[in-house]
Amino acid sequence: MATFKEFRNNVKPNWCPGCGDFSIQAAIQRAAANVGLEPEELAVISGIGCSGRISGYINAYGLHGIHGRALPIAQGVKLANRELTVIASGGDGDGFAIGMGHTVHAIRRNLNITYIVMDNQIYGLTKGQTSPRSAEGFKTKSTPEGSIESTLSPLEIALSAGATFVAQSFSSDLKQLTALIEAGIKHEGFSLINVFSPCVTFNKINTYDWFKENIVNLEQFPDYDPTNRVTAMNKIMETNGMLTGLIYQNTVRKSYEDMITGFRQEALAKQDLSLSEEHFAKLVAEFK
Amino acid sequence: MISQLSWKIGGQQGEGVESTDRIFSTALNRLGYYLYGYRHFSSRIKGGHTNNKIRISTYPIRAISDDLDILVAFDQESIDLNAKELRTGGVIVADAKFNPVVPEGIDARLFAVPITKMAEELGTSLMKNMVASGASWALLGLPLEVFNKAVEEEFGRKGAAIVEKNIEAVKLGAEFVLEQAGGPLDEFKLGDADGQQKLFMIGNEAIGLGCIAAGCRLMSAYPITPASEIMEYLIKKLPALGGTVVQTEDEIAAVTMAIGANYAGVRTMTASAGPGLSLMMEAIGLAGMTETPLVIVDTQRGGPSTGLPTKQEQSDLNAMVYGTHGEIPKIVIAPASIEDCFYDMIEAFNLAEQYQVPVIVMTDLQLSLGKQSCEPFDFNSIQINRGKLVEEGPELEQHQLFKRYELTEDGVSPRILPGAKNGIHHVTGVEHDETGRPSESATNRLKMMDKRLHKLDDLFIREGLRVDAPNETPDLLIIGMGSTGGTIDQAREWLTNDGITTNHITIRQIHPFPTEQLLPHLQQAKKVVVIENNATAQLAGQIKMNAGFAEKIRNLLKYDGNPFLPSEVYKACKELD
Ligand SMILES: Cc1ncc(C[n+]2csc(CCOP(=O)(O)OP(=O)(O)O)c2C)c(N)n1
Ligand code: SF4
């Protein structure tokens, strides 16, 4: 069985020292090993941004696509080969600005993939512009007077879009993050894990210390029931979205793959492409 | 006896024009006639004039006719709008209910049949299309049993009682009109057809069937006219083969999902029209850069923007050839017949995997939606070629990656699918090295660009040019693409009668442009006319840019939303300067 070391490669990430993304990479590698995967059984599909580079830093199959489209690509991979474990990953700009439409619909569709958002409340790669996750009043290169748009709450959106697995974590909490990614991989459906991942270079407000001060860990509430969508929504609102842990999980709803009529149980990619002559004749007969 | 005839049915959208046309033409197809349909419709679902025209022939034809022999009209508007097409002595079969009148100056014979009344007497006015089609069928003197069989198939699932009523309606219409006319009309007596069983379908169905034959098992798409029939066909058929169609949130999702699925090893396609293709452009670049096979169908319609969404045009050519930023290898094929729609899909999937490039199959509305007879498809010709796909990689050292982008003689590298042993590599739209790892080195950049861009250097697909060149030095070389071929051939017959010698080339491989293959034909011709449904002569532009001969080349353009008529092509060719 592979250990987390086997999910490492020899590429040195080009992230700034101290970037939150390092720990997310480590957590994915640990979680993959903990759930018993071999490197070739994992596909990491990422978007564009500092965060998007992650697929190149993990020893697994990886595809670094185009800005905002990690999710549809990842869903295509999963449909083609449901035997693969598919992780989609990218920044908050990638998933909640340019790719927001895909995020909502991937949630609705509920294919069995795990989506990890590396949320730094800013655009890192393009050197510090506002993101939908930036706080109101947040000053950036593109909002010199402070952002005047309201902050997007991906957790609330996910719940209202019918999400079956919603979690949030903080890149410093490697233990919690690893456990949540494992749970996400095991969840039979779409799992959203939003991870606070400080950008040490461009975000001087939402720093490690700031998160430590503002985060509420759900472990503090022993009675919290993650299967209750109403209390989940309340908790998100009460904590202003600053909670971490498994917020909601619905284990009843089947994954998309399991609901498609006639969909092959084994990897479609392994199927023989040829068509029998009888089958062909039957199709053609409709046009006579 | 005549060898061909044109029949048209007109009424309000939602009034049964479609189903009447379907039954009428299915019956004709069974008799072995060659059919060519033209659907005039607007984006409205109910209401608004609509009409379907079928050309019926004892020999192969692939063009609508200029004129009309029989018009079946559910309302006066249908007569007013279409009677001008009737040839002298043509026939109108109309509902007596609206007191039909033949417009002034039109020499036609009117049969006012109590269509609505008869249908209502049978229980529902819904059956008026059966009365009307029965009447027009009877005038042709064709066997009623064949017609009734088609009716039975159309309504069979609704139960025997309904079938019986509809057959009764057909009979009432037929009897009434035969009594009025004193029997079938001699001038409409069609000669016997060749009796060969043909297929009768629209291009989009042939595309769907072609996809299945090609081993395509997934489709991701967003609905749009005139592409939706492809997804609607495949969603009915793919589940039996373990696959499915995903209706995505937009075309960007559709194309990127298809890229993901192709990367993971399933032949997957998407289809759209101009607006959707515009949205896909960035992703097409990703497929080109990552050398991921991808098949996209563009069913062209009137542009730009929303343009004329239900009308004919061939104006996406430049967008398909040049679309996406930067420079990638890409194949653009334009099928020119229903048969092409089928075989080209198989070819497209093979090419996409052999060359690891995006392939765009570009049809036009008339080809995608016009229902036509076609030759039965040859099952034995279906061949699947997955190119350099390998199942397992070579033994790798620690941290060594599979060379997915290995530099090879022909520029095509071995491809391996996620899940495979010893195959881990990276895939990125960033410039990369042989293992897929990002690289900004100038030497690597040049090697990789050249590798990708030279993959298609020698590409010439099956019938990349369809050549009909009986003359060594023709007075006129006519060049077209897509659905216009039949119209051009009809015009050529008339030109030949006038002593003008013509050759005809249909360009099917649009990109990379088959310059070498076209050159000799351009050289031999005294004059060249390029016929296309757009305003800026895009195909002619490609020819001039790639092959030259600008001084010989004339344009015939039509961009009012309607297909060319044979007479238009004929006249324009006669009047060329
Ligand atoms: C279509 C398109 N538009 C814009 C860009 C430029 N761009 C690259 S990454 C990015 C945003 C990065 O922010 P985020 O997604 O939050 O990721 P981060 O870099 O913060 O990890 C932008 C705007 C692009 N690559 N593609
Ligand atoms: S710019 Fe910010 S997000 Fe990007 S690598 Fe540096 S710290 Fe990380």
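Letters go in sequence order (proteins before strands), and every chain restarts at 1.
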For A/Phe280 and B/Ala213 the tightest heavy-atom approach is CE1-CB, 4.4 Å

Chain B shares the most heavy-atom pairs under 4.5 Å, among A/Lys78, A/His67, A/Gln271, A/His105, with A/His105

Answer yes or no: is there a side-chain heavy-atom contact under 4.5 Å between B/Leu218 and A/Phe263? yes

For B/Arg30 and A/Lys288, the nearest pair of non-hydrogen atoms, with its separation, is NH2-O, 3.2 Å

Residue from B/Gly285, B/Ala253, B/Cys216, B/Pro438 scoring the most non-hydrogen pairs under 4.5 Å with chain A is B/Ala253

From the list A/Gln265, A/Glu41, A/Glu83, A/His279, the residue making the most non-hydrogen contacts under 4.5 Å with chain B is A/His279

**OP:** Decide if the gap between the ring center of B/His425 and the ring center of A/Tyr61 is smaller than 6.0 angstrom.
**Re:** yes

In short, B/Ala264 meets A/Ala269 closest at the heavy-atom pair O-CB, 3.2 Å

Distance col, row A/Arg108:CZ vs B/Glu249:CD, nearest 0.5 angstrom, shows 8.5 Å

Cut-off 4.5 Å, heavy atoms of chain A, and the answer for B/Phe342 is side chain

Q) Is the shortest heavy-atom distance from the side chain of A/Leu63 to the side chain of B/Thr290 under 4.5 Å? A) no

Between the CD1 atom in A/Ile45 and the OH atom in B/Tyr263, the distance rounded to the nearest 0.5 Å is 5.0 Å

Item to check | A/Leu79 and B/Thr268: CA distance, side-chain angles, deciding distance, side chain to side chain contact (heavy atoms under 4.5 Å, CB included) verdict | outcome: CA-CA 10 Å; A/Leu79 284 167; B/Thr268 305; over 6 Å; no

Given B/Gly419, B/Ala254, B/Ala283, B/Ala214, the one with more heavy-atom pairs under 4.5 angstrom with chain A than any other is B/Gly419

dist B/Thr244:OG1 -> A/Ile260:CD1 (nearest 0.5 Å) comes out at 4.5 Å

Heavy-atom closest pair (B/Ala420 atom, A/Glu40 atom, distance to 0.1 Å) is O-CB, 3.5 Å

Greatest number of non-hydrogen atom pairs under 4.5 angstrom with chain A, of B/Ser220, B/Ser373, B/Gly243, B/Ala258, falls to B/Gly243

Rounded to the nearest 0.5 angstrom, the CD-CD distance for B/Gln398 and A/Glu6 is 8.5 Å

Is B/Lys403 atom NZ crowded by more than 12 heavy atoms from other residues, nucleotides or ligands, each under 6.0 Å away?
no

Pair count under 4.5 Å, heavy atoms only, with chain B: among A/Ala285, A/Ala70, A/Ala60, highest is A/Ala60

message = So B/Leu241 and A/Leu275, do their side chains get closer than 4.5 Å, heavy atoms only?
response = yes

*State, with a plain yes or no, whether a side-chain heavy atom of A/Asn81 is found less than 4.5 Å away from one of B/Leu417.*
no

Of A/Ile73, A/Val44, A/Leu42, the largest count of non-hydrogen pairs under 4.5 angstrom with chain B goes to A/Ile73

If one checks every heavy atom of B/Gln247 against chain A at 4.5 Å, the contacting part turns out to be backbone

One option among B/Val266, B/Thr428, B/Ile424 has the most heavy-atom pairs under 4.5 Å with chain A, and it is B/Ile424

d(A/Glu38 CD, B/Lys421 NZ) to nearest 0.5 Å is 7.0 Å

With chain A, the option among B/Ala240, B/Gly265, B/Ala206 that has the most non-hydrogen atom pairs under 4.5 Å is B/Gly265

Can you confirm whether A/Lys282 sits close enough to B/Lys237 that some side-chain heavy atom of one is under 4.5 Å from a side-chain heavy atom of the other? no

Flag if over 12 foreign heavy atoms under 6.0 Å of OH, A/Tyr57:
yes

Interatomic distance, NZ@A/Lys270 vs CD@B/Glu391, rounded to 0.5 Å, equals 10.0 Å

With side chains defined as the heavy atoms from C-beta onward, is the minimum distance between B/Arg386 and A/Leu273 less than 4.5 Å?
yes

Item checked: Side-chain touch B/Thr248/A/Arg109, heavy atoms, less than 4.5 angstrom -> yes

Here the pair of heavy atoms bringing B/Val245 nearest to A/Tyr256 is O-OH, 4.4 Å

Counting heavy-atom pairs under 4.5 Å with chain A, the top scorer among B/Ile384, B/Leu209, B/Asn29, B/Ile252 is B/Ile252

Cut-off 4.5 Å, heavy atoms of chain B, and the answer for A/Glu286 is side chain

Honestly, the part of B/Asp250 sitting under 4.5 Å from a heavy atom of chain A is side chain

inquiry  = When you compare the side chain of A/Gln75 with that of B/Val246, does any pair of heavy atoms fall below 4.5 Å?
reply    = no

*Would you indicate whether A/Glu266, at its atom CD, is surrounded by more than 12 heavy atoms from other residues, nucleotides or ligands within a distance under 6.0 Å?*
yes

Check: Please walk me through it: do A/His64 and B/His432 pass side chain to side chain contact (heavy atoms under 4.5 Å, CB included)?
Finding: CA-CA 11 Å; A/His64 176 229; B/His432 42 264; over 6 Å; no

Residues A/Leu268 and B/Gly242: closest non-hydrogen pair is CD1-O, 3.4 Å

Turns out that what part of A/Thr85 lies under 4.5 Å from chain B's heavy atoms comes down to neither

Applying a strict 4.5 Å limit to non-hydrogen atoms, the region of A/Ser55 in contact with chain B is both

